[in-house]
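Accompanying notes for the structure given below.
Letters A, B, ... are given to chains in the order of the sequence lines, protein chains preceding strands, and every chain is numbered from 1. Hydrogens, waters and symmetry mates play no part in the numbers below; they use all other heavy atoms, side chains included.
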Amino acid sequence: MTPRKRNDNGVLVLGGGITGIQAALDLANSRTKVYLVEKSPSLGGRMAQLDKTFPTMDCSI
Amino acid sequence: MLDAGRHPNIEVLTNSELIELGGSAGNFRAKVWRRPRYVNEELCTGCGQCAEDCPVVVPNEFEVGMGARKAIYSPFAQAVPNTYIIDRENCLNSDFLVCNNCQKSCDRDAINYDDSGKVVDINVGAVIVATGFDVYDASAIPSYGYGLYHNVLTNMELERVLNATGPTQGHIVRPSDHKVPRKIAFIQCVGSRGEGKEAGCQYCSRFCCMNTVKDCLLIKQHAPDIEEVLVFYIDIRAAGKGFEDFYRRSQEMPELKYIRGRPSKILEDPETHDPIIFVEDGETGKVSRIKVDMAVLASGAVSAESNSRLADVLGIELDENGFFEIDTKYGSPLHTLREGVYVCGCAAGVNDISDSVAQGSGAAAEAERFATRLPEEKEPKEKKEIDTSGPPRVGVFLCHCGINIAGVLDIEALKEHAKSIPNVVHVEDNLFLCSDEGQRMVQERISEHKLNRVVAAACTPRTHEPIFRESCDQVGLNPYLFEMVNVRDQCSWVHTTTPDKATAKAKDLIKMGVARSKHLQPLYKNSIPVNQSVLVIGGGVAGMCAALELEAQGLKVYLIEKEGRLGGILNDLTRVYPANLSAFELSRALMEKVEASRIEATASTEINSIRGFVGNFDVATTNGNLKVGAIVIATGAHIYKPGDEFGYGQFDNVITNQELENILHDSRDKIKIKGETPETVVFVQCVGSRDPEKNSGCSRYCCPTTIKQAIRLRESGVNVAVLHRDMRTVGAQAEEQYRRARELGVKFIRYNDERLPEVFGDGGRARTVEILELALQRILQVDVDYVVLAAGMVPNEATTAKLHDILKVPRDADGFFMERHAKLGPVETTIEGVFVAGCVSGPKDIADSIAQGSAAAAKVASIICKETVELEPTTCTVDQSLCRACGQCVEICEYHGPSLVELADGRRAAKINQALCKGCGTCASWCPTGAIVALHFTDEQIDSMMEALLAGVV
Ligand SMILES: Cc1cc2nc3c(=O)[nH]c(=O)nc-3n(C[C@H](O)[C@H](O)[C@H](O)COP(=O)(O)OP(=O)(O)OC[C@H]3O[C@@H](n4cnc5c(N)ncnc54)[C@H](O)[C@@H]3O)c2cc1C
Ligand SMILES: Cc1cc2nc3c(=O)[nH]c(=O)nc-3n(C[C@H](O)[C@H](O)[C@H](O)COP(=O)(O)OP(=O)(O)OC[C@H]3O[C@@H](n4cnc5c(N)ncnc54)[C@H](O)[C@@H]3O)c2cc1C
Ligand code: SF4
Ligand code: SF4
């Protein structure tokens with residue numbers, strides 16, 4: 001299947017937790033325009049609330 | 001987080017929601033509703049004056065209601081963006097009342113009570129859904145009394161209590177009397193693995209076991225005097241890379257006891273408010289009442305409440321648990337039923353961080369198919385660089401890291417000390433230097449005070465140095481004029497109990513950092529051209545998916561496979577969980593796609609050698625030579641070959657799960673093993689896994705595989721028993737299938753490490769299996785026709801050892817390849833341009849292997865989409881006039897950096913390839929003539945640090 005592409009296409013990422021941020025960064029680093037939409041007032045999602053995370057015990061932010 | 005907020009290609013729209021999605025893949029039209037913030041993002045600096053002056057105090061949701069915030073607030077200290085927001089439900093301004101305090105206090109006039117939000121239209125090619133999960137509301141289980149009893153908390157609340165920036169500054173105290181608890185109990189599976197309606201969901205939430213293990217270790221750190229920690233559990237599910245070792249570490253904690261059993265209820269002692277736990281011990285069957293000081297409910301995850309609304313907007317479906325439904329026909333966990341809409345992380349089911357991150361990258365690669373690239377940025381405009389020729393003007397910035405640093409070190413004393421160091425012209429502290437606001441502050445001070453060196457006394461350079469360097473670079477200060485001193489890991493964390501000495505050590509470190517900074521020199525990155533092609537090694541699912549994804553992005557892809565055909569382990573399987581797809585169909589579909597593509601796939605081929613570096617690898621294979629810019633290693637794993645355990649090799653009716661898989665593959669409806677239909681089959685789990693002597697990790701695939709095979713056998717009338725230590729059925733549908741197996745009459749019997757099951761037989765055939773039944777403490781004998789060993793996954797030794805040798809990718813304790821970061825960089829390695837995907841970095845199932853294949857493709861794309869790649873300039877160089885060409889550096893360097901070359905005058909001397917050099921400095925310390933200089937660690941810099949430290953001492 002050949003995707004039908006317009007020539008100015010970005011990607012919409014819904015959710016600014018660790019998963020959405022990772023997707024957004026990878027796209028942006030491959031020169032794709034990203035719109036990162038987050039429902040709450042800040043990025044970060046659940047992980048920003050955690051203290052240290054398993055299994056490497058480093059800080060979450 | 002900050003990276004995403006700063007990236008020029010990312011537009012962050014917080015406080016926003018998608019309300020409409022029209023069009024189709026490649027051409028979606030989205031409407032996004034930006035809810036009013038009442039504070040202008042462009043004007044607000046995040047100074048927080050407004051919140052100081054706001055009279056309304058409400059519970060803080062970020063602290064799970066335990067702390068307080070104002071009606072105008074910033075959600076947390078490192079929020080991105082750090083713009084404040086007004087919570088209009090609690091704000092006093094209304095039709096009848098005027099407060100206006102915040103408006104009056106804001107210097108920048110950023111506050112607008114009439115903000116009404118707006119709808120923005122966005123055209124995109126693809127949509128990625130990464131909207132996460134909600135935490136299960138533990139008050140739905142009345143028998144545990146959460147919300148009623150004072151000292152019953154959830155794991156999320158404990159998370160905030162343990163956090164240095166949380167409501168208790170990291171001190172563990174129990175809510176009723178603020179005393180340090182001496183006895184804490186954890187109750188696992190709250191809201192997960194439920195049977196009844198009130199119990200929440202049926203699946204396993206996957207992170208809560210490990211999170212409890214982590215919390216236990218942290219409790220010991222935060223409250224060293226703790227007397228007892230009890231964990232009530234059903235199975236401990238340490239199924240992920242490094243998890244088993246982590247679990248084992250916790251078992252060494254003498255205060256910690258793991259007790260099998262699910263408490264039936266909790267009551268509260270009305271006087272002391274101590275929770276009393278009623279539990280039947282799963283092993284002995286005895287019911288006991290256990291009084292503790294505090295109980296923690298390990299609440300699981302549920303699908304987000306807003307999913308159904310969002311699913312309507314997106315035109316996709318939800319599954320029976322309320323997560324976004326996956327189109328399973330690709331075996332990939334990323335496709336939804338609408339083309340161009342992908343799902344990843346906890347939006348599609350519960351995942352830990354590592355799997356979520358891999359899926360996020362994987363979804364990025366998929367979405368890339370429908371996106372177009374922005375034009376490559378031409379050489380950045382000549383930046384005005386700050387002149388560094390004059391005397392050093394050093395700025396010292398101290399970070400509190402919440403209370404991580406400031407809770408132990410005397411910040412004021414450090415400031416005074418820093419001010420007294422010669423050449424230091426500015427000193428300032430900040431709650432979180434890494435926050436947006438902190439970084440902006442540093443940038444402003446660089447300009448205001450004409451700083452030409454910056455020293456940060458903060459946390460670890462491993463994660464945070466890049467952020468500071470980037471900030472310096474943005475305002476024209478060469479990033480290599482920045483120096484970081486780690487006063488957290490090296491002072492406040494390790495010397496918590498001796499704050500004076502910790503502060504004294506921090507003073508020394510700062511003094512040394514400043515001394516070194518004065519000798520730092522600007523360094524500049526070189527760029528080298530990138531070869532726009534990729535090599536994928538290994539043609540299993542992970543390799544094929546990586547190759548297909550890369551090809552879809554228009555890259556030249558080579559795929560080499562050692563065996564005669566593609567497919568890997570899949571070729572030996574019959575039907576595969578979770579969706580019961582035919583392994584044959586799945587791998588055939590992938591092979592056909594590979595064949596139809598422009599991928600150059602060659603079977604029966606192996607690697608001979610690889611030389612070169614990111615962007616420019618020279619590869620020699622048994623089938624010719626290649627030049628590529630990046631490499632994906634997807635050579636999979638092997639299945640553990642049992643020695644003589646459990647009679648394997650001795651009795652011919654003791655087989656592995658892989659051998660059984662072959663048998664099932666060939667059986668139609670009636671299952672026949674070697675010609676006869678067995679009556680009883682016993683599975684033994686964890687053979688060659690979870691054993692520090694052989695393979696310390698849990699292999700993760702074998703529990704769900706046993707369930708799959710047991711159901712198949714049971715359905716054709718065979719009696720099945722599974723002997724296990726914990727059933728680790730994590731992942732999509734796994735717990736549900738586990739329940740189904742029990743309902744079908746498969747028996748599950750637990751054994752422990754101390755007494756393994758034993759297999760007895762005669763005449764080359766196993767006849768009985770003996771197991772100690774823990775619950776009744778009696779020996780059970782089962783007559784068997786077949787014993788199936790659930791063999792773990794081990795590294796493919798020959799390949800892994802060879803590639804390790806050639807490419808220097810480090811291996812972990814079990815011998816699998818090590819990722820750059822177990823959680824945050826699951827498909828990257830420490831070698832630039834080399835990636836890993838699938839079981840080569842540890843046991844995984846098909847869905848995770850596929851997600852990693854796609855993720856690796858996304859990572860490769862971010863290198864190869866550029867014409868050049870930048871090289872780190874912190875390398876070593878040779879002063880050839882001093883070199884005697886002894887060649888010791890050539891021998892000692894692990895990375896093949898130095899070589900001997902002929903100079904114009906015919907003399908020979910060493911030369912270091914800047915692209916291969918990692919700047920480790922080994923050669924510099926070895927060079928007998930001192931000809932080699934480590935550019936970012938010159939002798940002068942190191943000497944100056946020593947002098948600073950020893951000044952006044954000797
Ligand atoms: C108590 C606890 C402890 C944990 N500890 C660990 C640990 O130590 N290690 C580990 O690996 N994992 C741990 N986990 C699991 C970890 O939190 C998750 O794996 C991870 O947060 C998943 O990230 P995510 O981005 O998919 O989802 P989330 O973190 O939930 O992020 C989703 C984001 O999307 C936003 N959003 C929601 N709906 C919408 C919408 N309609 N539009 C726009 N945005 C929306 C949300 O506001 C949120 O910011 C823990 C979980 C909990 C609850
Ligand atoms: C008995 C059994 C049952 C299973 N059942 C399921 C199931 O039901 N559901 C599920 O999700 N998962 C299941 N799995 C796990 C699943 O098979 C793996 O997750 C998956 O196949 C891993 O894919 P991979 O591409 O990482 O590795 P592999 O499939 O191992 O592929 C690696 C490829 O690399 C090739 N290779 C190796 N060395 C070299 C070299 N030097 N040069 C070139 N090529 C090389 C190999 O020949 C192979 O083709 C099962 C596994 C087993 C053993
Ligand atoms: S078994 Fe699953 S649901 Fe229960 S606590 Fe462990 S990870 Fe959570
Ligand atoms: S059988 Fe496999 S998945 Fe189950 S616990 Fe043992 S090693 Fe882990």
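Contact tally against chain A (heavy-atom pairs below 4.5 Å) for B/Lys866, B/Glu17, B/Arg34, B/Glu63: the top residue is B/Glu17. Taking B/Gly240, B/Ala126, B/Pro81 one by one and counting their heavy-atom pairs under 4.5 Å with chain A, the maximum is reached by B/Ala126. Options B/Ile353, B/Ile85, B/Val32, B/Val129 differ in how many heavy-atom pairs under 4.5 Å they form with chain A, and the most are formed by B/Ile353.
Side-chain contact between A/Tyr35 and B/Leu13 is present, with heavy atoms from C-beta onward closer than 4.5 Å. The side-chain heavy atoms of B/Val124 and A/Val11, taken from C-beta on, include no pair separated by under 4.5 Å. Residues B/Lys823 and A/Ile18 have side chains not in contact (no heavy-atom distance under 4.5 Å, counting atoms from C-beta outward). Between A/Val37 and B/Leu18 the shortest side-chain heavy-atom distance does not fall below 4.5 Å.
Looking at B/Asp352, the atoms closer than 4.5 Å to chain A (heavy atoms on both sides) all sit in the side chain, from C-beta outward. Contact annotation for B/Ala367: both backbone and side-chain heavy atoms come within less than 4.5 Å of a heavy atom of chain A. Looking at B/Phe432, neither its backbone nor its side chain comes within 4.5 Å of chain A, counting heavy atoms on both sides. Interface remark: B/Leu314 contributes side-chain atoms only to the contact with chain A (heavy atom separation under 4.5 Å). Contact annotation for B/Ser306: only side-chain heavy atoms (C-beta onward) come within less than 4.5 Å of a heavy atom of chain A. Using a 4.5 Å cut-off between heavy atoms, B/Val341 makes no contact with chain A at all. With a 4.5 angstrom heavy-atom cutoff, B/Leu310 touches chain A only via side-chain atoms. With a 4.5 Å cut-off on non-hydrogen atoms, B/Glu61 touches chain A through its backbone but not through its side chain.
With hydrogens and angles disregarded, no donor-acceptor distance shorter than 3.5 Å links the side chain of A/Asn9 to the backbone of B/Thr372. With hydrogens and angles disregarded, no donor-acceptor distance shorter than 3.5 Å links the side chain of B/Arg373 to the backbone of A/Arg31. B/Ser16 contributes no side-chain N or O that, together with a main-chain N or O of A/Glu38, makes up a donor-acceptor pair within less than 3.5 Å. A donor-acceptor distance shorter than 3.5 angstrom exists from the side chain of A/Ser42 to the backbone of B/Val80, with no hydrogens or angles considered.
Across A/Ala28 and B/Ile10, no two heavy atoms sit closer than the pair CB-CG1, 3.5 Å. Here the closest non-hydrogen pair linking B/Gly360 and A/Ala23 is O-CB, 3.3 Å. Closest approach of B/Tyr73 to A/Pro41, counting heavy atoms only: OH-CG, 4.1 Å. For the pair B/Cys865 and A/Ser30, the tightest heavy-atom approach, listed with the atom from each and the gap, is SG-CA, 3.5 Å.
One distance of note links NE2 of B/His7 with CG of A/Asn29; it measures 4.0 Å at 0.5 Å rounding. Separating the NZ atom in A/Lys39 from the CH2 atom in B/Trp33 is a distance of 15.5 Å, to the nearest 0.5 Å. Here the straight-line distance linking atom CD1 of B/Ile128 with atom CG of A/Leu12 works out to 9.0 Å at 0.5 Å rounding. Within the model, atoms CD of A/Gln22 and CG of B/Leu824 stand 7.5 Å from one another, a figure rounded to the nearest 0.5 Å. Remark: B/Thr14 OG1 to A/Leu43 CG distance equals 7.0 Å, nearest 0.5 Å.
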**Message:** Walk me through whether B/Lys859 and A/Asp26 qualify under side-chain contact (heavy atoms from CB on, under 4.5 Å).
**Reply:** CA-CA 7 Å; B/Lys859 298 290 176 192; A/Asp26 284 335; 2.8 Å; yes
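Under the 3.5 Å distance criterion, with hydrogens and angles disregarded, a donor-acceptor pair is assigned to the side chains of B/Glu368 and A/Thr32.
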